[in-house]
Amino acid sequence: MDLRICHLYPDLLNLYGDRGNIIALMNRARWRGIDASVTDCRLGDALDGDAYDLYFIGGGEDRQQRLAANDLRARKGGVLKRAAEAGVVVLAVCGGYQLLGHYYRPADGDDLVGLGLLDLTTVHPGPSSRRLIGNIVIRSTLLGGATVVGFENHGGRTHLGPGAAPLGNVMRGFGNNGEDHTEGGVSRNVFGTYLHGPLLPKNPLFTDHLIRSALGRRYGQVTLPPLDDRIEAEAHASAVLRAAGE
Amino acid sequence: MPGRVARGIAPDVVRILAARLPSGTIVVTGTNGKTTTARLISHILRGAGFSSVHNRAGANLAAGIAAALLQHATFGGRIRGDIGIFEVDEATLPIVQPSLQPRAVVLTNLFRDQLDRYGEIDIVAGRWETALSNDAGAVVIFNADDPLVASVATRTTGRRVAFGIEDDSCSLGTLEHAADARYCYRCGVPYEYRAVYFGHMGVYRCPQCGTTRPSPAVAAHEVEARGLEGSAFTLMTPRGSARVKTQLPGAYNLHNVLAAATCCLEMGVALPPIVEGIGTFAPAFGRAERVRVNGHEAVLLLAKNPAGFNEVLRTVLRDTGQATVLIAINDLTADGRDISWLWDVDFEMLAGRIRRAIVTGIRAHDMDLRLKHAGVPDETRAVATDLAQAFDLAMKSTDGRRLYVLPTYTAMLQLRKILQQRGLVAGFWED
């Protein structure tokens, strides 16, 4: 069994520790004897349609996000869309999450047209509005009610359409827009979230869900043997406490 | 806080007091190296006969500058001191620039640092550009090896002087993960690097528009790295060259030394007192400071962002293959509340190359998990959430050898307080 990961724009959209997600996916596969490989796909590169089980897109600053948005639509959009329809896993955080929606309307400048893989839109309410920053804890029905912990830092407010389900409900923090208590968006095996940077290391249940879903398309129902997650559990618990203390 | 009060009473206090410094003011800004650079400038200038006013380490915001000026002012509003040297947070530069009207602005580097506090790196660069283009009087002293800093500096209108490292043997070969400014700020194409010193520092060129690293007027040649003991290099300047020794370790400190030397040359100081000042300068607190505990040594190496952390890790590994390290990670406001950056640090380089790693601080468990994923085995790692206990455990684990302490900013202050209570170090406000 092997897990083939494609990291989109690893040096353009890597704002804050995003590679922690790649490290966690690779290690949690390898610790179980599953071969794992990661291929970087950059600006200007064409995408090989059938070569990957999981795509990851990180976050970036405005300028980088605009560069990526144009390239994503022009060079990679068609392939990603077909892959998503075929059940390939796509995980996007922060700026990458916004690009999976229909559009991102920045504080100034033209709209960034997204890929439309998730039924959502994002609007930045203007430079004087406050950024939504801090530790965040959500409860995810997708993961059987487990908590997912992380850190968010975004100006844009995202609203889900009827075609996307939230990844979870906000217990602490802001989430998609700071108003409706939803966080993230999911449609089939496409996952987007504002929990940026190293989301996966501290949330092993979510990581394993992604690995299982990614392998499932080629290998059918996959059972992942349990790992010793005591260190993960400690880090997860301390993040929940930290968010509660704020 | 007296600074904040005074600014409330007289918003012009900074402008009025700063204008009374006969030799003007110098502003040092950037992500890493501000404290070291500002202290070194002050040290060299003192040797050259100036008396300086400067803000306390860490008091980098506007209130800290006002407080420093007030402390040196008489009741009549006269000021005791010839020259002001202020380290200023990168986001604060545009706020203080108009009131300080500095003679010189030193730009050290721009890394992602405490993103939740400062906003994104491009925004900071944009604000610098606006602040500096409104001011034609200041000489801009900038790091040519940082493409982001150079792109800001070369768009300013006044006089500017570049410094940099001119020794390809300092090159790491490839860009590390913590590199930020990999793409040309004009055309979005990745830079080509002939040499990478650390982070995104190096000798770069844009293959599309031809933007190249500005040629440094003041440069370090023939660099000889001596691990934690510092380094030696040949300092080339428009006013001659000299062999220089510094006690400050690591490539990142070469930039700090070059920045200070360039600034002092611009202030009219001759080369010999500059060389002398560099040689006699001891590290600032928490920056490669050494502490003796029961006959054993602990070295404090402040590690507050990925590029700085990588440099510190390399410095430790160059020193020994059997290091015991104490890593203390806090997430208070001054550290940056977001600790995601731990995943941008190349902790993988520690796997199999250290004797013991003890982790502590508010986010000790996050750090432990990071080391686990970096391949540092369970039996090498230990968590102790209490800082004092962690320090004692770490000292016991060294087997008489040197302990390497790698704290974030507030963890360093807390640790220093513990050591101070034990009488092992002087108070950190004593400068």
Side-chain angles (χ1 to χ4, degrees), chain A residues 10-12 14-24 26-28 31 42-44 59-68 70-71 94 127 131 133-135 149-153 155 195-202 204 228-239 241-242 245-246, chain B residues 112-126 175 177-185 187-191 200 305-306 329-332 336-348 359 361-375 378 381 383 385:
Chain A
D11 44 11
L12 195 62
N14 71 335
L15 193 50
Y16 231 29
D18 286 318
R19 77 161 164 179
N21 297 316
I22 300 288
I23 293 172
M26 300 277 284
N27 279 341
R28 293 189 70 81
W31 289 339
R42 299 186 158 80
L43 274 187
E61 301 176 32
D62 286 359
R63 200 172 54 90
Q64 279 86 345
Q65 201 183 352
R66 192 170 284 280
L67 283 170
N70 293 334
D71 185 80
C94 206
R131 285 182 77 83
I133 304 175
N135 289 298
V149 294
F151 199 93
E152 61 182 323
N153 182 348
L195 275 61
H196 74 194
L199 155 73
L200 297 183
K202 263 188 302 218
D228 178 354
D229 283 339
R230 278 175 295 181
I231 308 288
E232 282 77 0
E234 289 274 16
H236 185 101
S238 77
L241 289 173
R242 193 72 186 123
E246 281 178 352
Chain B
R112 69 185 65 176
D113 180 37
Q114 306 173 7
L115 207 70
D116 56 304
R117 188 153 63 124
Y118 292 148
E120 298 167 349
I121 198 165
D122 284 345
I123 298 173
V124 172
L175 274 182
H177 185 78
D180 289 315
R182 290 166 241 212
Y183 287 82
C184 174
Y185 272 69
C187 39
V189 169
Y191 290 116
H200 58 283
N305 49 35
I329 305 296
N330 279 356
D331 65 351
L332 301 174
R337 291 186 301 138
D338 184 2
I339 47 146
S340 301
W341 61 274
L342 291 179
W343 294 84
D344 284 326
V345 180
D346 295 326
F347 287 108
E348 282 73 10
V359 298
I362 299 167
R363 302 309 289 255
H365 293 292
D366 282 85
M367 188 62 233
D368 192 34
L369 181 58
R370 177 70 190 95
L371 289 180
K372 174 184 172 180
H373 276 281
D378 288 353
R381 306 189 322 263
V383 181
T385 43

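The chains referred to below are lettered A, B, ... by the order of the sequence lines, with proteins before strands, and numbering in each begins at 1. Keep in mind that the numbers below use all heavy atoms, side chains included, and drop hydrogens, waters and symmetry copies.
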Legend entry - Minimum side-chain heavy-atom gap B:V383-A:E234 below 4.5 Å: no

Inset, instruction - Please look at A:L43 and chain B and tell me whether the side chain, the backbone, both or neither of the residue comes under 4.5 angstrom of a heavy atom of that chain. - result: side chain

Legend entry - Closest approach of B:D366 to A:S238 (non-hydrogen atoms, all atoms of both residues): OD1-OG, 3.9 Å

Legend entry - Check ion pair B:D346-A:R19 (N to O, under 4.0 angstrom): yes

Legend entry - Heavy-atom side-chain contact between A:I231 and B:H373 under 4.5 Å: no

Legend entry - Rounded distance (nearest 0.5 Å) linking atom CD1 of B:I339 with atom CZ of A:R242: 9.5 Å

Inset, instruction - Count the heavy-atom pairs under 4.5 Å between each of A:M26, A:E232, A:H236 and chain B, then report the option with the highest count. - result: A:E232

Legend entry - Top of A:P198, A:A24, A:G20 for chain B proximity - count of heavy-atom pairs under 4.5 angstrom: A:P198

Inset, instruction - Can you tell which part of A:A237 gets under 4.5 Å to a heavy atom of chain B, answering side chain, backbone, both or neither? - result: neither

Legend entry - Spatial distance of atom CG (A:D229) from atom NZ (B:K372) [nearest 0.5 Å]: 5.5 Å

Inset, instruction - Determine whether A:I133 and B:R337 make a side-chain contact, defined as any pair of heavy atoms from C-beta on separated by less than 4.5 Å. - result: yes

Inset, instruction - Could you tell me the separation between the CG atom of B:L369 and the NZ atom of A:K202, rounded to the nearest 0.5 Å? - result: 8.0 Å

Inset, instruction - Check whether B:L342 gets within reach of chain A through its side chain, its backbone, both or neither, counting any heavy atom under 4.5 Å. - result: neither

Inset, instruction - Kindly give the heavy-atom pair with the smallest separation between A:G17 and B:W343, and that separation in Å. - result: O-CB, 3.7 Å

Inset, instruction - Mind listing the closest non-hydrogen atom pair of B:D338 and A:Y16 along with its distance? - result: OD2-CD2, 2.9 Å

